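The model shown is predicted, which means the values in this text are computed figures rather than measured ones. Note that ligands are numbered from 1 as they come in the structure, with each ligand's atoms numbered from 1 the same way.
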Amino acid sequence: MKNILITNIAAHLGEEITLRGWVRTIRHSGKLLFIVLRDGSGEIQCVAFKPELGEEKFETAKRLTLESSVIISGTAKPHQKKEGQFELAISSVSPIQISEEYPIGKKEHGPDFLLSNRHLWIRSSKQWAVLRIRHAVYYAICDWLNQNHFVRFDSPILTPNACEGTTTLFELDYFDEGKAYLSQSGQLYLETGIMSLGRVYDFGPVFRAERSKTRKHLTEFWMMDAEAAFVEHEENMRIQEELIRHVIRTVLRDCDTELTVLERDKEALKAADAPFRIMTHRETIEYLRAQGSEIPHGSDLGAADEVLLTKDSPVPVFIEKWPKEIKAFYMKRDPQDPNLVLGSDLIAPEGFGEIIGGSQREDDHDLLLERMQAENMPIEQYQWFLDLRKYGSVPHSGFGVGLERLVTWMSGIHHIRETIPFPRMIYRIYP
Ligand code: 4AD
Ligand code: MG
């Protein structure tokens, strides 16, 4: 008998097939027994009728408990009640391992319990759905970049310097070389890559010793940094918009089941696939203040301000042209106003907050050096970065997408901790 994955069942209607997986639910009454089997690719209801299956096999099936691993054979057919779904008429059941009493699912659990049991929690249907959306988002990003001439350029995780300021650095001793740090973003290394490959990206874990205990912060998360030579600020935003709209369309196309499991408002996602809005930082502050926020001029947005900003916007909003004091040293000065930089943050709708940070980079050696000195940075550690401005410097831009922020938005879930298999937060390192 053929082993098949549940997701492929439609191609095997009427055939005797074998499924291998875990018991999601089991119930029996009298002569009937129903098992919902899941195998990672999907779920299916399997039905046994005692007079047909026989006493002995029926009793074997009844011994199965939640999460028992099992091999079930039978005939695939359309579901009796649910259009478009299938079920399996069981002809044999072979338990692989009868699960001990499963700790999750009997009652409502608090987040601490679930996080301590993350190794089991990932099996539940919502977690399954989020992790599959993460997979889809990851590959949608890579596909778009590959199709648009970006070359993958892996940046190091152990670094001698900081990319995003020193307040959130994880530090470690590196043999006889002194201190090393876990990377906060591969950006600075990507800037070297464009001088060889033109357009590059990396995609991997980055680290921030965030003291913040919010629903949007992890200490280890995945970032896709992209960088492109000869791209300036406006085009940088257009690239981001195209990329994100491609991700939205891919998720809507490929993750319908997952979005349904999560009860995600699909219309809201569809509505976000339209031209994004662009506001300057100054306009943003004025808008927020007019809406009742007390945010001072010249400051960064808090979580509540991000929610307020997109309250009436179905599409993401770029905030561009930030005061230079609150942005990183590498951002290029706005030629129209030296107090501003050509940076942009992309804020997702529905209150999901910042998903991308990007900017045109300072490409003038002396201006960059001046800015680094003003911030008391250890210049000798960044000599290689300054070199790029000596040997064929070109205008260039890039941005970093926070994978888990994007997945949180696509999934429509409340907390970022569910978007990565094993979340790392200030108070959590187990399991
Ligand atoms: O805005 P950020 O700090 O930008 C950079 O690191 C740039 N060097 C990227 C670049 O230009 N190549 O971080 C980028 C994105 C944020 O917009 C957010 O989506 C995500 O990374 N992010 C976090 N996600 C989860 N937990 C955290 N603690 C995050 N910090 C940033
Ligand atoms: Mg940012």
Side-chain angles (χ1 to χ4, degrees), residues 134 137 141 145 150 153 155 157 159 161-170 181-194 199-228 231 233 236-237 239-240 243-244 247 281 299-303 305-306 316-320 322 326-332 341-348 352-362 385 396-410 413 415-420 423-426 428:
R134 177 185 172 101
V137 170
I141 293 173
L145 291 164
F150 284 81
F153 181 84
S155 55
I157 286 176
T159 64
N161 46 55
C163 180
E164 295 296 317
T166 51
T167 54
T168 64
L169 278 179
F170 279 109
Y181 309 96
L182 297 181
S183 177
Q184 301 162 305
S185 158
Q187 178 201 322
L188 305 188
Y189 291 96
L190 288 195
E191 289 189 49
T192 72
I194 59 164
R199 296 184 165 204
V200 294
Y201 70 98
D202 64 14
F203 209 149
V206 292
F207 304 86
R208 307 253 170 124
E210 298 273 6
R211 295 262 151 214
S212 33
K213 242 181 91 181
T214 81
R215 66 190 181 93
K216 291 179 181 147
H217 288 92
L218 295 167
T219 56
E220 174 179 325
F221 62 99
W222 280 55
M223 176 138 38
M224 189 288 291
D225 297 281
E227 197 74 25
V231 165
H233 170 61
N236 192 36
M237 290 191 292
I239 291 173
Q240 294 170 51
L243 169 68
I244 297 301
V247 171
H281 177 265
S299 67
D300 204 353
L301 274 66
D305 293 311
E306 290 180 344
V317 180
F318 281 110
I319 307 175
E320 61 159 4
W322 289 72
I326 57 171
K327 283 295 184 193
F329 73 96
Y330 51 70
M331 293 193 184
K332 188 177 175 66
V341 288
L342 297 177
S344 59
D345 279 6
L346 184 63
I347 313 297
F352 286 99
E354 182 194 328
I355 49 172
I356 303 186
S359 65
Q360 185 164 348
R361 320 304 190 186
E362 183 51 75
F385 188 65
H396 64 285
S397 304
F399 58 93
V401 179
L403 176 63
E404 291 77 12
R405 295 268 182 96
L406 187 50
V407 174
T408 307
W409 171 35
M410 292 296 113
I413 57 174
H415 202 297
I416 195 167
R417 64 190 166 213
E418 294 178 38
T419 61
I420 186 164
R424 300 292 177 240
M425 292 167 294
I426 179 165
R428 178 153 303 268

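- Among D225, T159, D202, the one residue that satisfies the side-chain hydrogen bond (donor to acceptor under 3.5 Å, both in side chains) test with S185 is D225.
- Note on ligand 1: R361 sits in its first shell, one or more heavy atoms being nearer than 4.0 Å.
- Q184 and T168 share a side-chain donor-acceptor pair at under 3.5 Å.
- Of all atoms in ligand 1, listed by their number and element, those nearer than 4.0 Å to a heavy atom of I356 are 17 (O).
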Stepwise side-chain hydrogen bond (donor to acceptor under 3.5 Å, both in side chains) check, H396 with Q360:
CA-CA 6 Å; H396 64 285; Q360 185 164 348; over 6 Å; no
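- The closest non-hydrogen atom to atom 31 (C) of ligand 1, taken over W222, W409, F352, F221, comes from F221.
- Judged by distance alone, the side chains of Q187 and Y330 do bring a donor and an acceptor atom under 3.5 Å apart.
- If you number the atoms of ligand 1 from 1 as listed, the ones under 4.0 Å from a heavy atom of K216 come out as 25 (C), 26 (N).
- Take the N/O/S atoms of E354: the one nearest the Mg ion (ligand 2) is OE2.
- Residues R134 and E404 are paired through a salt bridge, judged by an N-O separation under 4.0 Å between the basic side chain and the carboxylate.
- Ligand 1 lies nowhere less than 4.0 angstrom from a heavy atom belonging to E227.
- At a threshold of 4.5 Å between non-hydrogen side-chain atoms, the residues E320 and M237 count as touching.
- A donor-acceptor contact under 3.5 angstrom links the side chains of R361 and S359, judged on distance only.
- Remark: distances from the non-hydrogen atoms of I416 to ligand 1 include one below 4.0 Å.
- At under 3.5 Å, not a single nitrogen or oxygen of Q184, backbone or side chain, sits near a nitrogen or oxygen of ligand 1.
- The protein heavy-atom contact nearest to atom 18 (C) of ligand 1 is R405 NH1, 3.5 Å.
- Note: S344 OG to I319 CD1 = 9.5 Å, rounded to the nearest 0.5 Å.
- If you check each of R208, E164, Q187, M425 against atom 13 (O) of ligand 1, the one with the closest non-hydrogen atom is R208.
- Remark: ligand 1 atoms within the under-4.0 Å shell around heavy atoms of E210 are 28 (N), 30 (N).
- With atom 9 (C) of ligand 1 as the reference point, the heavy atom nearest to it among P423, A348, G400 is part of G400.
- For a threshold of 3.5 Å applied to N or O pairs, the pair formed by G358 and ligand 1 contains no separation below that value.
- Look at K216 and E306 and you find a salt bridge, because one of the NZ, NE, NH1 or NH2 atoms lies within 4.0 Å of a carboxylate O, short of that distance.
- Close contacts between ligand 1 and D225 involve ligand atoms 9 (C), 10 (C), 12 (N) [criterion: under 4.0 Å to a heavy atom].
- The atoms of ligand 1 that sit less than 4.0 Å from any heavy atom of G402 are 15 (C), 19 (O), 20 (C), 21 (O).
- In terms of polar-atom proximity, L218 is counted as a contact of ligand 1, with an N or O under 3.5 Å from an N or O of the ligand.
- Here the protein heavy atom with the shortest distance to atom 16 (C) of ligand 1 is E354 OE2, 3.2 Å.
- Looking only at distances, a side-chain donor or acceptor of T219 sits under 3.5 Å from a matching main-chain atom of R424.
- The I355 neighbourhood of ligand 1 comprises atoms 17 (O), 19 (O), with distances under 4.0 Å to a heavy atom of that residue.
- Aromatic ring orientation, W322 versus H281: tilted (interplanar angle from 30° to 60°).
- Counting atoms of ligand 1 from 1 in the listed order, those under 4.0 Å from a heavy atom of G357 are 1 (O), 9 (C), 10 (C), 11 (O), 17 (O).
- Under the 30°/60° scheme for interplanar angles, the aromatic rings of W222 and F203 are found to be tilted.
- Atoms of ligand 1 found under 4.0 Å from any heavy atom of S185, numbered from 1 in the order shown, are 6 (O), 7 (C), 8 (N), 9 (C).
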